[in-house]
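Right, one structure below, let's go through it.
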Amino acid sequence: MTTFKSLGLNTELLKAVEKLGFESPTEVQEKVIPILLEQDTDLVALAQTGTGKTAAFGFPMLQRIDAKQRMTQGLILAPTRELCLQITNEMGIYGQALKNVNIVAIYGGANIQEQANKIKRGAQIVVATPGRLKDMIRRRLVDISAIQYCVLDEADEMLNMGFYEDIKDILTHTPKSKSSWLFSATMPPEVSTIAKKFMNKPIEITVGTKNSSAKNIDHQYFTVAARERYSALRAVVSMNTDLFGVVFCRTKIETQKVAEKLIQDGYKAAAIHGDLSQNQRDIVMQSFRKKRIQLLIATDVAARGIDVDDLTHVINYQLPDEIETYTHRSGRTGRAGKLGTSIIFVTKSDRRKIKLIENKLQTKLKELQMPSPEEVLTSKITHWVDQVKNIPIKSDLHNHLPQAISAFEEISKETLIEMMLSKEFKSFDLQPKALEFGRDDRSSDRRSDRRSDRKINAPQDKDRFFINVGARDQYEWTTLKDFLRSFLKLGPDDVFQVEVMKNFSFFSTHKDHRDLVLKSFDDLIMDDRKVNVELTKKGKTFSPKKNFKKKKSKFN
Ligand code: AMP
């Protein structure tokens, strides 16, 4: 078996490998690391995200740079801020045992001066998005004239996003003698052009993505009528209670509609699309990573750079036009040796695309039948039983146990369970027509939530909170309300009376949620600013001007 040691990694990097628990190199690492460690060569590697490619270029770069020199020696270009931060983070972990190595991320949407200061302190490796790097080169805030290694990561995505001119411009500021390492999931003509134009006889490496995707990903499809897509999605989510995944839609509007419906039906979902500001995007992604959100509803463009390793499912709400895009989507699950499922909802007229995908992946896609309401219910009961069995015992209730036991003495265990089941699934409709997978216990709970919400408008029952985010963070009351209720995992109407000011906002919840609200924002950072939520003082009527001044001095 090939080991990282046999690939030629030094002791410091091997320590990181051990700490990370990487047992053996992945295919791309096995092929690429020895070449990049031993040869001063250009290289083109066809490898998807999730194959371990960051370590494939990261380990050799970390091993080859001279930590005693403070000047920038390695440059990594990536298409999105998200990916840029992720690479910086991974490289930091890989290089943790190396002394005096600084890796700095530069990307748009954050303070340029802070990034420039970090570079000034010495950054042997710079990880950058093309737009911000170009800007910083122009302002002479970064010097890449002496780099020895240049990585173009996810080159196809960078070109898709229109960075060709920026990349061309950036490369003119780098020395000819450097080694260029290009990584791309696909090889469209534009990427070949870059390789031909800017690289010198690159060694070409292909990683068997076809096989690995067939091996780790279970591709399944359901044939549905277009109007049944949402019901089908609900059925799939209901049947897979541990599902943690991304649902791909074709348009922004569709992502929003699907997310909205899922939230209304009681699921933890959020949409991510091009209309969100970078801050809002970051917050959604943070919630998703922490699994406060179970389902991320995304367009293909917005999903670029999303890199979450343990997705159990990728769901194609609609199929994309390009089969290549399907490969990208499904490749987001089944990563790092784990198993994943890619589900497609396909209409009869689109079924020919299934054949095309099968040809492309050289694997058979499984056709599944939609579960019956009975099957959905069986699965939900199994999950509920598991949850009940795992409820932690609260020891301070122990003394009250005899009282409760004697109160239930008359009722058999069977009847008691039946009563609990009836409460839990009181509105689950077993009529196929009525159910259509579109209605179950959760939605009725939401309805009752709404009824109770009306009652809590009484001042004594509600709490009013201050939060230091506002219009400057591109929030309006509707988007802030959406964010708060999905972040706090509350129902559609549990957050109300949202008022957005320039630098801060106010919102109300039922006082039962007070602890949840006060504790939930503890570790939330937005644009390098800690998100702060406070209870407003009781009895005081809200005066925007007064509060604005008070808070402004504190938070700006
Ligand atoms: P990447 O393709 O670089 O985005 O890597 C995907 C994930 O695989 C990352 O979370 C890595 O930490 C992980 N990974 C990279 N190399 C290995 C390896 N040899 N064994 C296990 N996991 C790995």
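Just follow the structure's listing: the first ligand is 1, and inside any ligand the first atom is 1.
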Enumerated ligand 1 atoms positioned under 4.0 Å from heavy atoms of Phe4: 19 (N)
Residue Gly52 vicinity, atoms of ligand 1 by number, heavy atom under 4.0 Å: 1 (P), 2 (O), 3 (O), 5 (O), 15 (C)
Any donor-acceptor N/O pair, His328 side chain to Glu324 backbone, under 3.5 Å: no
Parallel, tilted or perpendicular, as decided by the 30° and 60° cut-offs, for the rings of Tyr149 and Trp181: tilted
CG-CD distance between Asp265 and Glu260, expressed to the nearest 0.5 angstrom: 10.5 Å
Heavy atom of Gly21, distance to ligand 1 below 4.0 Å: no
Contact atoms of ligand 1, heavy-atom distance to Thr54 under 4.0 Å: 1 (P), 3 (O), 4 (O)
Contact check: Ser24 vs ligand 1, nitrogen or oxygen atoms, below 3.5 angstrom: yes
For Thr26, atoms of ligand 1 separated by under 4.0 Å from a heavy atom: 17 (C), 18 (C), 19 (N)
Glu90 to ligand 1, any heavy atom closer than 4.0 Å: yes
Six-ring centre of Phe244, Lys291 cation under 6.0 angstrom, axis tolerance 45°: yes
Any donor-acceptor pair under 3.5 Å from Gln124 side chain to Gly122 backbone: no
Mode of Phe59 contact toward ligand 1 - side chain, backbone, both, neither (heavy atoms, under 4.0 Å): neither
Ala47 and ligand 1 - part of the residue with a heavy-atom distance under 4.0 Å: neither
Centroid separation Tyr230 to Tyr317 less than 6.0 Å: no
Ligand 1 versus Gln29: contacting region, heavy-atom distance under 4.0 Å: side chain
Contact summary for Ser379 and Met239, nearest pair of heavy atoms: OG-O, 3.2 Å
Close N or O approach (Phe22, ligand 1; < 3.5 Å): no
Ring centre gap for His219 and Tyr326 strictly below 6.0 Å: yes
